Student: 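I have a structure here, written as structure tokens, and I will follow up with some questions on it.
No experiment lies behind these values; they were computed from the predicted model shown.
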Amino acid sequence: MDSKQFTAANLRTTRDDLTERFVDYPELLDPADELVRAADARREALKAQTSIGEMFGEEAGIIAAERDGLLPAVLEGSPGPGTVDQAFITPQGDQLVVQEAKGPSAGLGTARVTGPDGTLIPAQQGSEAYLRQVLRSDTRLLDAILADPALRHGLLDGTTSIRYRLVQPDPSGHIKVTEFIINSANLDIQDWLGIQ
């Protein structure tokens with residue numbers, strides 16, 4: 001046996017193999033059982049860390065939006081694939097602010113998105129291509145915009161611009177906001193809002 005057989009991915013298979021080999025010597029299986037328990041505990045701890053980090057990031061996004069005087073564009077956030085993490089509007093209605101809300105240790109994800117020519121391309125969160133795809137798949141945001149005639153009209157005639165930014169707290173709670181550089185013309189607002 002080599003060390004690769006004791007990685008988290010292979011540990012259970014290795015333990016099962018050892019059980020068959022040492023059926024008459026159960027005391028030899030105790031270290032393997034301890035490793036399995038430790039791997040399970042580590043997996044649960046990482047899962048909890050990720051969940052808490054996501055909640056921390058979401059709360060940081062709300063705090064940053066409130067600090068900047070923004071109003072919710074949708075009443076409830078719904079982070080996950082195919083949706084914006086958070087969306088706000090300025091009180092004047094001249095900006096729609098889409099936020100990627102990340103926990104302290106989270107990085108920007110990537111996804112395969114449909115490009116303007118219909119081909120699938122890899123895109124990182126924060127890119128125009130990623131934002132373009134998410135705007136088209138987030139029905140909550142689209143419904144909120146279509147229910148607000150002034151916001152819809154502003155997006156269509158260009159008096160309302162779209163900002164895209166990353167909001168991320170550090171482990172101490174200090175919130176950093178990073179603006180992504182996007183060109184709204186590449187988002188094809190007319191197509192997004194169903195105007196041909």
Side-chain angles (χ1 to χ4, degrees), residues 50-51 53-104 106-169 175-196:
T50 299
S51 179
E54 288 171 355
M55 289 187 292
F56 195 16
E58 289 291 317
E59 190 61 31
I62 292 168
I63 291 168
E66 288 174 352
R67 179 184 65 201
D68 294 343
L70 302 175
L71 306 170
V74 289
L75 295 177
E76 268 185 43
S78 179
T83 62
V84 299
D85 285 347
Q86 299 174 330
F88 298 89
I89 54 175
T90 56
Q92 304 81 6
D94 61 343
Q95 293 181 340
L96 172 65
V97 182
V98 176
Q99 296 188 158
E100 293 291 350
K102 297 290 181 188
L108 294 173
T110 59
R112 293 185 55 79
V113 302
T114 305
D117 64 356
T119 61
L120 286 177
I121 57 172
Q124 184 176 45
Q125 289 176 316
S127 68
E128 286 173 2
Y130 186 89
L131 178 59
R132 184 178 190 279
Q133 179 77 25
V134 170
L135 290 177
R136 281 160 175 71
S137 60
D138 190 335
T139 56
R140 294 169 315 117
L141 180 59
L142 181 59
D143 289 346
I145 291 168
L146 295 178
D148 184 337
L151 179 58
R152 179 178 175 273
H153 182 73
L155 287 165
L156 288 170
D157 73 9
T159 57
T160 300
S161 62
I162 297 178
R163 287 174 47 205
Y164 187 29
R165 66 189 198 172
L166 169 66
V167 179
Q168 187 168 35
I175 300 170
K176 180 178 179 184
V177 177
T178 305
E179 294 283 338
F180 297 121
I181 306 301
I182 60 165
N183 180 346
S184 292
N186 294 333
L187 299 177
D188 196 359
I189 305 295
Q190 302 278 330
D191 175 65
W192 171 41
L193 297 181
I195 306 299
Q196 304 300 325

Student: What's the shortest heavy-atom distance between P104 and F56, and which atoms?
Tutor: CG-CD2, 3.3 Å
Student: To the closest 0.5 Å, what do you measure between OG1 (T110) and CD (Q125)?
Tutor: 8.5 Å
Student: Could you measure the distance from the OG1 atom of T83 to the CG atom of D85? Nearest 0.5 Å is fine.
Tutor: 6.5 Å
Student: How long is the straight-line distance from CG of L96 back to OG1 of T160, given to the nearest 0.5 Å?
Tutor: 8.0 Å
Student: How about CD1 on I181, more than 12 heavy atoms from neighbouring residues, nucleotides or ligands closer than 6.0 Å, or not?
Tutor: no
Student: Give the minimum heavy-atom separation between A111 and Y130, together with the two atoms involved.
Tutor: CB-CE1, 3.9 Å
Student: Using 4.0 Å as the upper bound for N to carboxylate O, is an ion pair formed by R163 and D68?
Tutor: no
Student: Output the distance between atom CG (N183) and atom CD (E128), rounded to the nearest 0.5 Å.
Tutor: 5.5 Å
Student: For the residue pair V134 and V98, establish whether any side-chain heavy-atom pair is separated by less than 4.5 Å.
Tutor: no
Student: What heavy-atom pair brings L108 and L166 nearest, and what distance separates the two atoms?
Tutor: CD2-CD1, 4.1 Å
Student: By the definition side chain to side chain contact (heavy atoms under 4.5 Å, CB included), identify the one residue from K176, Q99, E100 that meets it with V167.
Tutor: Q99
Student: Let's go through R140 and V84 carefully: what are the C-alpha distance in whole Å and the side-chain angles of both, what is the deciding distance for side-chain contact (heavy atoms from CB on, under 4.5 Å) to 0.1 Å, and is it a yes or a no?
Tutor: CA-CA 9 Å; R140 294 169 315 117; V84 299; 4.0 Å; yes
Student: Looking at L193 and L155, what are the two nearest heavy atoms and their distance?
Tutor: CD1-CB, 4.0 Å
Student: Is the closest side-chain heavy-atom distance between D191 and R136 below 4.5 Å?
Tutor: yes
Student: Does T90 form a side-chain contact (heavy atoms from CB on, under 4.5 Å) with L70? I'd like the steps, not just the answer.
Tutor: CA-CA 5 Å; T90 56; L70 302 175; 3.7 Å; yes
Student: Could you grab the distance from atom CG of D148 to atom NE2 of H153, nearest 0.5 Å is fine?
Tutor: 12.0 Å
Student: Evaluate the side-chain proximity of L142 to W192: yes if any heavy-atom separation is below 4.5 Å, no if none is.
Tutor: yes
Student: Over all heavy atoms of both residues, which pair between A129 and A123 is shortest? Give the atoms and the distance, please.
Tutor: CB-CB, 3.9 Å
Student: Quick one: closest heavy-atom pair of E58 and A101, and the distance?
Tutor: OE2-CB, 3.8 Å
Student: Would you say the side chain of V113 lies within less than 4.5 Å of the side chain of I121, judging by non-hydrogen atoms?
Tutor: yes
Student: Give, for atom CD of Q95 and atom OG1 of T159, the distance between the pair rounded to the nearest 0.5 Å.
Tutor: 11.5 Å
Student: Hey, does Q190 have a side-chain heavy atom less than 4.5 Å from the side chain of D188?
Tutor: yes
